[in-house]
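Structure, as structure tokens:
Note that the coordinates shown come from a computational prediction; the quantities given were computed from them, not determined experimentally.
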Amino acid sequence: MEHLAFTCLSVFSLACALGVVLSKNAINGAMCLLLCLAGVAGLFVQLHAYLLAFVLVLVYAGAVVALFLFIIMLLDMQGGRTWKFRGLNAAAGFVAALLLITGLNLLAVRGHLEAGPPIGNSVGSSLKFYSYQLFTTYLLPVQIIGFLLLIAMLGVIVLSRRAPQPEDAK
Amino acid sequence: MTPSLDSYVMLSAALFAIGFLGVLIRRNTLVIYMCLELMLVAATLALVAFSRFNGTEDGDVFVFFILTVAAAEVAVGLAIIVALFRARQTVQVDQLDSLKH
Amino acid sequence: MDFTVLRDLAAGNTWWAIWPELGLGFLALFLLVLETVLPKSAHGKIPAISIAAQLGILAALLANFDRSHHEIFNGLLMQSPQGELMRVFFIVSSILVSVLGRVSLPGRGVPRVEFHHIVLVVAAAMMLLVQSRNFVMLFVALETVTVGLYILVSYYRSNPKTLEAGLKYLVMGALSSALLLFGIVLLYGVAGSAGLAGRTPAGMYFVGLAGFLEANPHNFMAAAGIVLVLSGIAFKIGAFPFQVWVPDVYQGAPTPVTAFLAVASKAAGFVVLLVLVTQVFTPYDWLVGPVLVFMSAATMLFGNLAALKQNNVKRLIGLSGVSHAGFILLAVASASQVPSAVGAVYFYLIVYLIASFAVFGVMTILAGPDDAQQDLSDYSGLAKKSPFLAGVLGCGLGSLAGIPPLAGFMGKLFVFIAAFKAGHYGLLAVAVVCVAISIYYYFGWIRSAYFSDEAAISPAIESRVAGGGTLVRVTLAVLAAASVILGFYQGPLGHLISR
Amino acid sequence: MSNLPLDPLLLSVAAPLTLAVLIAVGLPKKIVVKLAYAAFAIPALVAVYLWSAFACAAKESHGYAFLTEYSTGLGGLGISLKLGLNGISLPLFVLAGVVGLAAGLYALQSTAERMKTYLLLLLVMQAGLMGTFASVDIFFYYFFHELALIPTFIMVGIWGGRDRSHAAMMMTIYLTVGAMLSLLGLVAIYAKSGAGSFDLLAIRDALSAHPLGEVTQKHIFGILLFGFGILVSLWPFHSWAPLGYGAAPSSAAMLHAGVLKKFGLYGLVQIALPLLPLGLLQWNHSMAALAAVGNVVVIGLVTMAQRDLKQMIGFSSVMHMGYAFLGLAVGSLLGVGGVVMLMVAHGLSVALLFLLSTSIHQRTNTFDMHQMGGLAQKAPVLAALFVTATFASVGLPGFANFWGELPIFVSLWGFSHCLTLVALSGTVVSAVYGLRAAARVFFGPQTEAFARFAASKPTVDITWGERIPALILIAALLFVGVWPRSLSTAIDQALARTPPSVVASR
Amino acid sequence: MSPLSTALLVLLVPLASAVLIALFLRTRGTAASVLSVAAASFVALGALVLAFGGARFTGSLEWFRLGSFAIELGVKFDDLAALMLSIVGVVGLCVHVFSLGYMHDDSAKARFFGGLSIFMFSMIGIVLADNLFMMFIFWELVGFSSYFLINHYCHKQSAADASKKAFIVNRVGDFGFILGIILCYWKNGTVNLTELGAGHALVYSRLIPLLLFCGAVGKSAQLPLQVWLPDAMEGPTPVSALIHAATMVAAGIYMLCRIHVLMVPPAMTVIAWVGTLTALYSALCAVTQRDIKKVLAYSTLSQLGYMVAAFGLGSVSASMFHLTTHAFFKALLFLGSGSVIVGCHHEQDIFRMGGLRARMPVTFWTFTVAVAAIAGLPGLAGFFSKDAILVLAFGSNKAVFAVLALTAVLTAFYMLRLWKIVFLGSARSEEAGHAHESGFSITAPLVLLAVLSVVGGYTAIYHGAFDAVFSGVPEAEGPTHYIVLATSLTVLLLGAGLALAFYATDGKDALEERAPGAFGFLVALRASFDSAYDYYVAKIQQRLAMALNFLDLVVLSGVLIRGFSGAVEILGFGVRTLHTGRINHYVYWFLGGVVLLWAFAAGIL
């Protein structure tokens, strides 16, 4: 049962990921990304990382993909060139894909992990333990993340302000 | 029977590779950026799987940071892309080559 | 989980130990507060306040230079003399970037306080980055640096080239972050893997991972993780073949930011690499060694060859920076066998900081109001127009070229010695060839500035050249003097390095 | 030298350097010029004083006198500023002092643009030169050499003559490569000796206890040979020399060709030969062949074909370096001692020639010998000095050069009969081009071109400002030429203490 | 004062004079000349005192030492040195005094006298040297002084060229000389003349004497390096007298005599033939000369050939004897010609002179003595010394004898030709017409030398001071004596008679008019060496130099270095082009990097 779900979810995620890569239209790509994330979230659930699945959907689907869609629409690139996979680009792409597949194959053959069945519950399954971790061991990174978000915000503001300020022009 | 750790890792690696491929072959900055996000998500998948199978907890916590960082990165990245679109009226990377040689 | 345990864990968060980082962070916040509190007419003072405060922190840091080794934050960070040195390094570079920003920013219609704010945060994050001994910590600090730099690189947003540089840095940076991340994940996963000897739940900690790698010196998964981590760091330091973004981004970025990228960001990458190579990846020397040797040789050659016929000074300095990365890699590659190589890396970074900022200072002044005067020909006649700037440029370039008696030479010498002891003869041969090539382009620059008769300095810049601001002049004079004096006399720094 | 208030060796380095710093800080020109006399005189006086005191000075260790050591913070790497003189470095130290004084005086009377900067660079050069030969620590030996080398490039680039930019670049690249190679060799010695120190004496002790293997010696010697060889313009790595000297301003050419170039030979004599005796045996034949055929014969003939006076002097300097390499290849006390003598002599004479060629240029407005002629009528003293210099460089007895060449030739016979013939033929060749140049420039009737220039600007004989530095050099040449023991005793003792090679000496 | 310190003073006083002149008296010609003459007088006096005082001594001090190689500054004062020193002193003094008059109006008088002093110093150095290295040192210095003095009229192209030629040709000879010394040093372990003379464990080799002889060939202008001497006549006449006739050119002979212990028979034969051929060749050349000094120059060459031949035939004594007498009469001839030249206002073409007998009586009579002496008129100095050589040759090598006899015919022929054309007949030019006798400072040396030319051949006048040298002068006995005597008288009469009969005093070269073929041959013979050397210098050496310069410039600097740097530059361009500016291309770099590193990790690379 679990196996079947895994298979379905993984095939779904891979297909959607390929959709992101191959879709001609950026909006379609964004939608594929959304679905792919959903698939991954499903896998998270299967791994008992319920909280993380939730966060993934919340942050990625809710914020990131939405932002993407928003920007795509804002920039309104429908009239722009559509993507064509041809010529040298395609050849290089195929070579790249081949190389990547070889790498995967290498990983599959040589990188065999002898892991047993899942051991216990990971913290991802419990909000409480998760929070403990964040507020004890990883308190410093959390604080840093705060600063990161602050500068990201400032950055977005700086980068999106339209007109130069008059007092700086002097 | 549960799927093995290997299959999770392989799936994650495959997603990562697909993301990489997207970055390689796409020309639209936004799509490239989506592919990059895909790569990050692929990494989180492996991380969660490892945490689960190995019974270690740091991985799950790490995912939180990855997602947050990714969100911040996306915000900044999109701001740059928007600003660039305003200046150059394009987001196609093959037209963005005024800096070269 | 027991609350007492949690309390103990929380008590492990020794905040006082990172007071310089906290100081910078609070200073950054304070700047924002000042921006909102102060009237707009007084905003021009804020950068000066920032610089003064940073100087204060620097002074305090030097006064309390801590040479002890101990873990802080439950092992997330490691307090060490090297870390302390890099704290000084990063705060100095942040001060210098702030000084250059004060020259470069006005008149471009971009917000100024935010620039200084971000620089401070990035500098603090770099300090934490080099002290981190945990991959989570490392990743978070690294991303803070990277995101900050995304913003800084694209800071002159009215200039399409700057934005293009920003985009390139963004895409390349995100890609390398993803590679690094995946590498970390693989390492973490394999370290916790149940079936392997030396399995550890603390795979995120360097110590834990090192213990695991010790037990499994030939695990493919671990090797794969290591190379991915290496490639992520190689991006930061601009090592072959992950150096390709360097000239474009350097060219487009605002000149002070280019300096920041070239010096601080690169240095952070090197320190992380050094820590990993010497403390974590040692059992995988069979892999890391050849990779570093290859990278070093290729990086040196590529950087120098690409710089050879470069006319844009920012691209030139970027590519020369690539070759310097190759040189430092030479020391890093020797570090696992020769302990003194570590000192060589730090010394090289320090002299590189001094020399680069001297050059970038001159570049910032000469770049003109639109940051566009970046051709070698724009420097012709500099020695006649401004002997001072020409002198500083000479000291800086000479030091970069590794010409005695300037400090850069000592850096190269230490690297040579280390490489020799490690037996990297082939690399040394490459290095000598590269020095010869590098002389050619550094010489071209010097020739333009010193030997040409006609002056290309436009009147608009001439006023900048003449004025330049006392602060900048003093800073440049100090840098030039430092690059000379460090060549003669290393003093306590020498003891620190050669110990 | 603890009985002196100031270490004279340090003083000789510090005096010019201090003034250079003062200039950089912005001392007014008038004071600079006055102080410059002192700054150039101090090293020369110190050198001459130490020369006279050397014989009685206590030779503390390994035949070194006046040893002092200063820490620069790199004790951990075994680097410290250790100064001292032995019988080999003493002559060169004196050479540096004397030529430096002459070059300085010549520069002070010249009307170069941006005089302060010119003096600054010259002073830095002078400090570097004094330091190079006073250093016992091989790191500082190299370091001071580079300190002196860099100003050369800048001076060629800024004050140089025709084609200066290209010349400066060629010089820079060649010499940097040479210097890098030699640095590599020195570092190799440091790393392989096991002494853990750059102190030459410590390395000597370490290597005499545990000599390096033959293969290692071969490799290191090879690196040093070619590194130093480029610096000393060993054929076929000589192209920079005529080009660079042709373009260099007089004082820079004097100091570089006269003194700085000796760095490489000095390194071979003081470091490579005693420390790597087996290395020498591996390389001496190829080195001798290159030097004899390339430097002496080929470059000798090439020198004959020159029309440009300065280039000719540059080529002749390359040629004479061939003798030095021959002496080194022999490796006997006699040969190597001759090399040291030759270094001093050649330094003085080539500096003199460069000085005078600039004075000639001022009076003829050209370096093309085909456009000159008959200058002796207008400037007899200049002519006399130039002829003197020519004969000195040709190796006429009575001048120091002879005492360099003769021992080399004598020792060379024991090494290779054939090469002795080849090398000796150089004495004829050098007489041909030297006298031809003197005749072209000074004798015979005035050429039209010269007459035209002389009409536009009345020709004056050499002024006292130019004459004094020239006379200083000539006096030194003659002093050593007439009384060679003044140097040879010290050289003999030093070489006897650390035999230069394993070749049977005669 | 000990003899050794006297000898040192004799050596150093001229040096001091030269130094003082160079430093302080450059513009004060008169003072310089007085100083120089005073020095020369001191030298002459000292030399005579030493020579006739009877002291024979050696002494040395170390001059230079490297390891076991040492060069001494030493004095070896034996009879040979005493003789040579006396010659140098006496002739030197005469020439100095003569120069006072001859160079009276010269603008560069100080330079001239300084040069004379430095020459005296160097020459005395050669004479006194006790080892070959020291001798070589002064040998070279003598060459330098010669260069310096030939170049006295340096505004003349010919003088400049001649001085250059003299020095370079000498250098060629010295090339062999120093090689010989080095070889001697390596074989025998010493080059000290006393030690060599002691003769123990001497290693004989053909090569050493021949190489050392090269030095003599250069300095004494033997075939084939004789070309510089005629050109050297561009110098002032006193210089020609002192250096290029009496002393310096004789130094080669002196040197040979010094090292005769090293000689081996095969080398001697070579030397003898070189001398003989030089004698003949030069005599032939002298016949067609019009320049008074050049006639004398070729005559000098010829006489030097005699000396070398004599040495080659094995007699130091005969050689040195002829050297002595030759020094007197040849110096006299040159000074006489100098007087003539002054009298004729620097006219040197003998066919533009004539009739000087009446106008310049002292010069005429002294010159006549000299001509008689060189031609070998019995009773005069030249007769005895030449006779000795002929005796020697007759005894040991008939072919040499024949050639030398033929040379003697020619000698008498061209000397009388000269004498007759210059002094007899009527003035053939305005200058000659206005000629007048020179002043006392010129005539006094002439007279003194004339006396010496007469009595110099009687060894008795030396009071046995040089017995070690002169005791070995070959004297013929019995039939040989008569044959040789007859021969020398015959050749004298033949040569003199022919010349007197052949040449009219009408300002035309009779030989050129009557036998243009022979004349042309002789001219061509004279020019053959010069043209061969010129051809070598211009066509071979210079072209080789140009070719090598071209190769150096084009192949080495141009093709190799430029090519190499060009290749690097092209590489640089190529690498630079890799930066296409497109992100997607750059991503491929990353892919490449990752793949590469994975390959490393997987052990594929």
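The two residues B:Gly77 and C:Leu170 make their nearest non-hydrogen contact at CA-CD2, 3.3 Å. Shown here for B:Leu36 and C:Val171, the closest heavy-atom pair between the two residues is CD1-O, 4.0 Å. Considering all non-hydrogen atoms of both residues, B:Leu99 and C:Lys161 come closest at CD1-O, 3.5 Å. Of all the heavy atoms in C:Thr200 and B:Thr56, the pair that sits closest is O-CG2, 4.4 Å. Contact detail for B:Ile80 and C:Tyr150: the closest heavy-atom pair is CD1-O, 3.8 Å. Residues C:Tyr188 and B:Asp58 approach most closely at OH-N, 3.6 Å, considering heavy atoms.
Heavy-atom pairs under 4.5 Å with chain C were tallied for B:Val76, B:Val23, B:Thr68; the largest tally goes to B:Val76. Looking only at heavy-atom pairs under 4.5 Å with chain B, the residue among C:Val140, C:Val147, C:Leu167, C:Val190 that has the most is C:Leu167. Counting heavy-atom pairs under 4.5 Å between each of B:Lys100, B:Arg88, B:Glu37 and chain C puts B:Lys100 at the top. Contacts with chain C were tallied for B:Val9, B:Thr44, B:Leu96; B:Leu96 has the most, counting heavy-atom pairs under 4.5 Å. Considering only heavy-atom pairs separated by less than 4.5 Å from chain C, the leading option among B:Ala83, B:Ala49, B:Ala70, B:Gly19 is B:Ala83. Comparing B:Ile66, B:Val93, B:Ile32 by heavy-atom pairs within less than 4.5 Å of chain C, the highest count is held by B:Ile66. With respect to chain B, the highest number of heavy-atom pairs below 4.5 Å among C:Leu179, C:Leu186, C:Asn312, C:Ile184 belongs to C:Leu179. Considering only heavy-atom pairs separated by less than 4.5 Å from chain C, the leading option among B:Ala42, B:Gly59, B:Ala75 is B:Gly59. Comparing C:Ala165, C:Gly173, C:Pro201 by how many heavy-atom pairs each has under 4.5 Å with chain B, the most go to C:Pro201.
With values rounded to the nearest 0.5 angstrom, C:Phe182 atom CZ is found 11.5 Å from B:Leu40 atom CG.
With a 4.5 angstrom heavy-atom cutoff, B:Ser12 touches chain C via backbone and side-chain atoms both. With a 4.5 Å cut-off on non-hydrogen atoms, B:Ala13 touches chain C through its backbone and its side chain both. With a 4.5 Å cut-off on non-hydrogen atoms, C:Phe135 touches chain B through its backbone but not through its side chain. Contact of B:Leu84 with chain C is made through backbone and side chain together, with heavy-atom distances under 4.5 Å. Only the side chain of C:Lys168 has a heavy atom closer than 4.5 Å to any heavy atom of chain B. Heavy-atom distances place both the backbone and the side chain of C:Pro160 under 4.5 Å from chain B.
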Exercise for the section: Evaluate side chain to side chain contact (heavy atoms under 4.5 Å, CB included) for B:Asn54 paired with C:Arg199, printing each intermediate quantity in order. Expected result: CA-CA 9 Å; B:Asn54 294 343; C:Arg199 168 189 186 277; 4.2 Å; yes
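Within residues 221-235 of chain C, the residues that have a heavy atom under 4.5 Å from a heavy atom of chain B are C:Met221, listed by number.
In this structure a side-chain-to-backbone donor-acceptor pair under 3.5 Å is missing from B:Glu73 to C:Ala174.
C:Leu181 has its side chain out of reach of B:Met39: every pair of non-hydrogen atoms, C-beta onward, lies at least 4.5 Å apart.
Ring centroids of B:Phe62 and C:Phe139 are separated by less than 6.0 Å, placing the two rings close together.
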